[in-house]
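Data first, discussion second: the structure below is written as structure tokens.
Chain letters run A, B, ... following the sequence lines, proteins first and then strands; every chain starts at 1.
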Amino acid sequence: MTSQIYSQKKFIPTPPEKGSFPLDHEGLCKKQFLLYASCLRRNAQDTSQCREDAQNYLACRMDNNLMEKTEWSKLGFHDKKPAPEEDNQ
Amino acid sequence: MLRTLFAVRGQCQQLLRRTFTPHCSGQRPQQLLQCRIRMKSTDSPGEAARKLRLKSTLYYITAGGVLIMGLSYAAVPLYSIFCQAYSYGGTTSQGHDAEKVEHMVKVNDRVLKIRFNADIGSSMRWNFKPQQYEIKVAPGETALAFYTARNPTDKAVIGISTYNVIPFEAGAYFNKIQCFCFEEQQLNPHEEVDMPVFFYIDPEITQDPALEHCDTITLSYTFFEAKEGLKLNFPSYAKPHTAAA
């Protein structure tokens with residue numbers, strides 16, 4: 001392993017903070033996903049322009065029990081948007 | 001005949017008496033018996049001291065051996081606690097708390113390109129690809145990206161994934177809030193799903209001199225088939241279920 005030459009540090013994958021997304025088997029949030037993807041294509045892959053669509057997608061996930069409901073500020077969205085019912089565990 | 005047997009018996013007894021009762025020869029039978037019993041505990045003082053020293057040395061050595069064995073067993077969890085507390089050897093401390101996301105500020109003058117790569121293990125039968133080849137992200141801002149996986153077979157397949165970040169130094173600043181890795185994901189036959197990755201780049205990346213000229217970070221996910229009894233090398237602190245906020 002080249003990473004072990006000169007005792008360099010190894011890459012250690014870290015688990016995500018909030019765990020794993022449950023799979024969207026029924027495609028409940030497919031529409032929001034397509035809106036987000038088309039927004040990215042329009043804006044030359046610049047995510048700063050598409051934060052609202054990203055927020056819509058995550059809201060859809062929260063509404064359909066595919067994601068834990070958390071406040072938007074904890075997810076890095078500081079814009080005005082009605083927060084979903086807080087159900088922090 | 002009997003006389004010779006008795007004679008032999010007598011001789012044996014005398015021999016035994018002489019070897020085991022050196023201090024008690026020439027005494028009457030009852031006294032001889034008592035003497036024989038007492039003989040075991042009457043050593044000369046020097047002899048007793050030597051025996052005591054020998055015994056305590058033996059106890060010390062045994063205790064030392066047990067202590068070393070115990071330390072070697074205890075070293076495993078102690079070492080991992082030490083590593084996590086002091087971030088020694090590349091382990092990251094568990095400091096990715098939600099408060100950081102709340103208070104971090106977007107860095108406007110630096111834009112990083114994140115490239116996405118999707119791989120599958122050699123025996124994995126899914127079709128797995130990223131939905132976007134690359135996206136532009138500013139450090140300090142959360143971003144969403146998608147991968148698509150499709151199961152073209154007629155059987156439900158369970159997959160499990162891990163990821164890698166290149167360049168290596170940038171991996172320390174790449175924080176995932178939520179994704180689909182490290183947990184078994186089942187895809188039903190002929191099913192296609194979108195898998196999101198919600199992440200952010202730590203704004204402290206701008207202060208790292210090794211990454212000053214780094215514009216592109218590649219995130220690579222690899223899916224393996226999860227078989228019964230398959231054990232991938234996960235970090236010991238990987239949580240199996242969704243973590244609380």
Side-chain angles (χ1 to χ4, degrees), chain A residues 2-3 7-34 36-41 43-51 53-58 60-61 66-78 86-89, chain B residues 89-92 96-99 101-102 104 106 111 113 131-138 140-146 149 162-165 168 171 175-183 185-188 191-200 234-235 237-245:
Chain A
T2 49
S3 63
S7 55
Q8 280 174 11
K9 295 181 183 172
K10 283 188 272 212
F11 178 78
I12 295 170
T14 50
E17 279 172 33
K18 294 169 75 54
S20 179
F21 274 128
L23 284 190
D24 183 9
H25 288 280
E26 291 119 36
L28 299 165
C29 298
K30 186 108 181 161
K31 183 172 157 220
Q32 283 80 1
F33 154 65
L34 287 171
Y36 178 71
S38 57
C39 168
L40 275 186
R41 257 179 236 134
N43 292 308
Q45 316 297 337
D46 189 2
T47 51
S48 320
Q49 314 290 333
C50 297
R51 296 194 43 87
D53 288 304
Q55 226 173 342
N56 287 339
Y57 178 79
L58 293 175
C60 166
R61 275 227 160 211
L66 292 169
M67 185 172 166
E68 263 178 32
K69 295 197 203 311
T70 43
E71 292 175 17
W72 289 121
S73 55
K74 288 212 169 70
L75 297 173
F77 293 106
H78 304 285
E86 270 137 15
D87 194 12
N88 294 341
Q89 282 159 15
Chain B
T91 50
T92 51
H96 293 172
D97 42 356
E99 300 192 1
V101 184
E102 242 177 308
M104 69 182 177
K106 174 183 167 184
V111 171
K113 266 191 267 192
Q131 271 300 328
Q132 61 288 307
Y133 178 57
E134 66 177 23
I135 57 176
K136 294 197 196 101
V137 171
E141 205 177 44
T142 52
L144 187 62
F146 286 91
T162 182
Y163 77 100
N164 203 352
V165 177
F168 174 80
N175 303 326
K176 296 192 308 301
I177 299 175
Q178 202 159 1
C179 71
F180 52 88
C181 43
F182 298 128
E183 236 189 62
Q185 313 282 3
Q186 174 164 351
L187 272 189
N188 299 322
E191 191 182 358
E192 181 170 335
V193 283
D194 307 308
M195 296 164 153
V197 181
F198 192 48
F199 64 94
Y200 66 94
F234 288 153
Y237 44 83
K239 300 172 200 122
H241 297 291
T242 56

Original post:
Can you tell me if Arg51(A) uses its side chain to pair, donor with acceptor, with the backbone of Thr142(B) under 3.5 Å?
Top reply: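 Such a contact is found between Arg51(A) side chain and Thr142(B) backbone.
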Original post:
Donor-acceptor pair, Tyr36(A) side chain versus Leu144(B) backbone, under 3.5 Å?
Top reply: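 Flag set: sc Tyr36(A) to bb Leu144(B) pair under 3.5 Å.
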**OP:** Can you tell which part of Lys113(B) gets under 4.5 Å to a heavy atom of chain A, answering side chain, backbone, both or neither?
**Re:** neither
**OP:** Might you point out which heavy atoms bring Lys136(B) and Ala44(A) nearest each other, and give the distance in Å?
**Re:**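 Heavy atoms only, the tightest pair is NZ-O, 3.1 Å.
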Subject >> Distance-minimising heavy-atom pair for His25(A) and Gln186(B) >> reply: CE1-O, 2.8 Å
**OP:** Nearest 0.5 Å please: distance from the CE atom of Met67(A) over to the CD atom of Gln178(B).
**Re:**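 Between Met67(A) CE and Gln178(B) CD, I get 5.0 Å after rounding to 0.5 Å.
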Original post:
Between atom CG of Leu75(A) and atom OH of Tyr200(B), what is the distance when rounded to the nearest 0.5 Å?
Top reply: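 Answer for the CG-OH pair, Leu75(A) versus Tyr200(B), is 11.0 Å.
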Original post:
Which bit of Ala37(A) comes within less than 4.5 Å of chain B, counting heavy atoms only: side chain, backbone, both or neither?
Top reply: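 Contact with chain B: none, neither part.
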Original post:
So which part of Leu58(A) gets closer than 4.5 Å to some heavy atom of chain B, the side chain, the backbone, both or neither?
Top reply: side chain
Most heavy-atom pairs under 4.5 angstrom with chain A, which of [options]?
options                                    : value
Val137(B), Asn164(B), Asn188(B)            : Asn164(B)
Ala145(B), Gly140(B), Cys179(B), Ala149(B) : Cys179(B)
Val111(B), Ile135(B), Val193(B), Ile177(B) : Ile177(B)
Phe180(B), Tyr163(B), Tyr133(B)            : Tyr163(B)

**OP:** Please work out which of the three classes, parallel, tilted or perpendicular, describes the rings of Phe77(A) and Phe198(B), given edges at 30° and 60°.
**Re:** parallel
Original post:
Under 4.5 Å between any side-chain heavy atoms of Asp194(B) and Asp24(A), yes or no?
Top reply: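 Contact flag for Asp194(B)/Asp24(A) side chains = no.
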Original post:
Is there side-chain contact between Leu23(A) and Leu187(B), with at least one heavy-atom pair below 4.5 Å?
Top reply: yes
